[in-house]
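Reading through the C-alpha cells given below for one structure.
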Number of protein chains: 2
Amino acid sequence: MRKRTRQGAAVLGALESSDGFRTAQQIHADLRADGDGIGLTTVYRHLQLLADDGAVDVLQLDGGEVAYRRCASDRHHHHLVCRSCGRSVEVACPDVGAWAQSVAKDAGFADPSHRVEVFGVCPACRRASGPGQ
Amino acid sequence: MRKRTRQGAAVLGALESSDGFRTAQQIHADLRADGDGIGLTTVYRHLQLLADDGAVDVLQLDGGEVAYRRCASDRHHHHLVCRSCGRSVEVACPDVGAWAQSVAKDAGFADPSHRVEVFGVCPACRRASGPGQ
DNA sequence: CTGCATGCAAAATGTTTGCACTCTA
DNA sequence: TAGAGTGCAAACATTTTGCATGCAG
C-alpha cells in the first residue's frame, strides 16, 4: 500500500499547479523555493511512480532530460509544447493514431505505438522574447 | 573546409551499411569490431556534424540516448522503428504535418515543428523472440 | 608547414542505487 | 512496531571538453 506523505503530495501538487511540462530538477527547485524540504531522489522516485501509474505524461527533451506533466484526460492524446517555457496544451489526435496503426501493419510491424509531439512558441513567450527587432 | 579522413568515412560508412538507427556507442563498437581504430569522441563529433548538415536523422531513445540514421530522402518524413533491433522504415507523412501546423496555429503557437515516431516489432524480431510460448 | 582532426583522459549532466534513518499506518 | 518512505552520497551512463599529437591539404 502507498503511504500518504508530505513529499508525495508536494510532487503531485507541483505538477498540478503547472500547466506545462516540468523536469524532475525543475520540480525539485520549485519545491525547495516554496520552502518544502525534499530530496532530489524523492522527486525522481515519485515522478517515476506517477508515470508508472499513468497519472502523468512523459516527454523526452532534446538534452536527454525527461519532463513530466499531470494530464486531465485519461484518453489518448498528444501535446503542443512551448519550446521556451514548457507550457503545453493537450490536443486530440483525430486520425494520427489510426495512421500510425496502418503504417505499422503495412510494414508487418507488431504491437504498434506512436509518439507525437508538436512544438512551438506560445503567445506569451513570443511576446516576451519573440519578434526581436 | 572539411578534411577527408579515414574516421569520417568510417562513421558515415557504418551508418550507410545499417538500415536502422544506431547510437554513437553502437557505431563505435561496430567500427572497433571491424578493426577500425577510432575514438569514441571522434564518433560523437562526426555524428554531430552529420546531424548539423542534415545528412542523418536523429532519434531520442527512451533511455535518453540519441540514435542516428542515414536517410535516403531529403524530404520530410518520419520513421517506423523496431523496438527490438532498431531497424527502421521511412514513412511519408500524408497529413500529419498539416495537422500539426493547424493545431499550433490554432493555439497561437508560433514556429511550429513536430516529432512523430511509430514504434513496433519488426517481422524478424517478432519471429525470433516474439510469439513466445 | 599549418591547422584542422584525433583521441585519451577528465569533466559535466541527468538519473539511479545503497544504506541508515524517519515517520506513517 | 514494522516496513514503506526519505535523503545524502556514491555509483552510473552518456555526452562534452581540454589538450597534446598526427595527418591532410
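In the text below, chain A, chain B and the rest are named by the order of the sequence lines, each starting its count at 1.
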Practice item. May I ask you to verify if any side-chain N or O of A:Q48 is less than 4.0 angstrom from the OP1 or OP2 atom of C:dT16? Key: yes
Point to revise | Any residue of residues 3-18 of chain A with a heavy atom less than 4.0 Å from an atom of DNA chain D | key: A:K3, A:T5, A:Q7, A:G8
Review point. Starting at CD of B:E65 and ending at P of D:dT15, how long is that distance when rounded to a whole Å?
Key: 6 Å
Revision key, fill the gap. d(B:Y68 OH, B:Q48 CD) to nearest 0.5 Å is 6.5 Å
Check your understanding: Base, sugar-phosphate, or nothing: which does B:G63 touch, judged by heavy atoms less than 4.0 Å apart?
Key -> nothing
Point to revise | Contacts of type side-chain hydrogen bond (donor to acceptor under 3.5 Å, both in side chains), residue B:R6, not counting sequence neighbours | key: none
Check your understanding: Given atom CG of A:D62 and atom P of D:dT15, what is their separation to the nearest angstrom?
Key -> 13 Å
Exercise for review: Could you state the atom-to-atom distance from CD of A:Q60 to C1' of C:dT13 in whole Å?
Suggested key: 15 Å
**Study point:** Exercise: identify the closest heavy-atom pair between B:L47 and B:V56
**Key:** O-CG2, 4.4 Å
Exercise for review: Give a yes/no answer on whether the side chain of A:Y44 brings an N or O atom under 4.0 Å of OP1 or OP2 in C:dT16.
Suggested key: no
Exercise for review: Taking only the side-chain heavy atoms of A:T41 (C-beta and beyond), determine which of D:dT15, D:dC8, C:dT15 contains the nearest atom.
Suggested key: D:dC8
**Study point:** Atom pair CD/CD of B:Q60 and B:E65 - distance to nearest 0.5 Å
**Key:** 10.0 Å
Check your understanding: Rounded to whole angstrom units, what separation is found between the CG atom of A:L47 and the C1' atom of C:dT15?
Key -> 12 Å
**Study point:** Whole-Å gap separating P (D:dA4) and CG (A:L49)
**Key:** 13 Å
Point to revise | Between P of C:dC8 and CD1 of B:I38, the distance in whole Å | key: 10 Å
Check your understanding: Does A:T42 place a side-chain N or O at less than 4.0 Å from the phosphate oxygens OP1/OP2 of D:dG7?
Key -> yes
Practice item. Salt-bridge test for B:D62 and A:R115: reply yes if a basic N is under 4.0 Å from a carboxylate O, no otherwise. Key: yes
Point to revise | B:R87 side, atom CZ; B:C125 side, atom SG - distance, nearest 0.5 Å | key: 6.5 Å
**Study point:** Whole-Å distance separating the CG atom of A:L40 from the P atom of D:dA11
**Key:** 17 Å
Review point. Base, sugar-phosphate alone, or nothing: which one does A:R45 contact when heavy atoms must sit under 4.0 Å apart?
Key: base
Check your understanding: If only side-chain N and O atoms of A:H46 are considered, is one of them under 4.0 Å from the OP1 or OP2 phosphate oxygen of D:dG5?
Key -> no
Exercise for review: Find the distance B:R2:CZ to C:dG3:C1' and express it as a whole number of Å.
Suggested key: 16 Å
Check your understanding: Mind checking what makes salt bridge (Lys or Arg N to Asp or Glu O under 4.0 Å) contact with B:D57, not counting sequence neighbours?
Key -> none
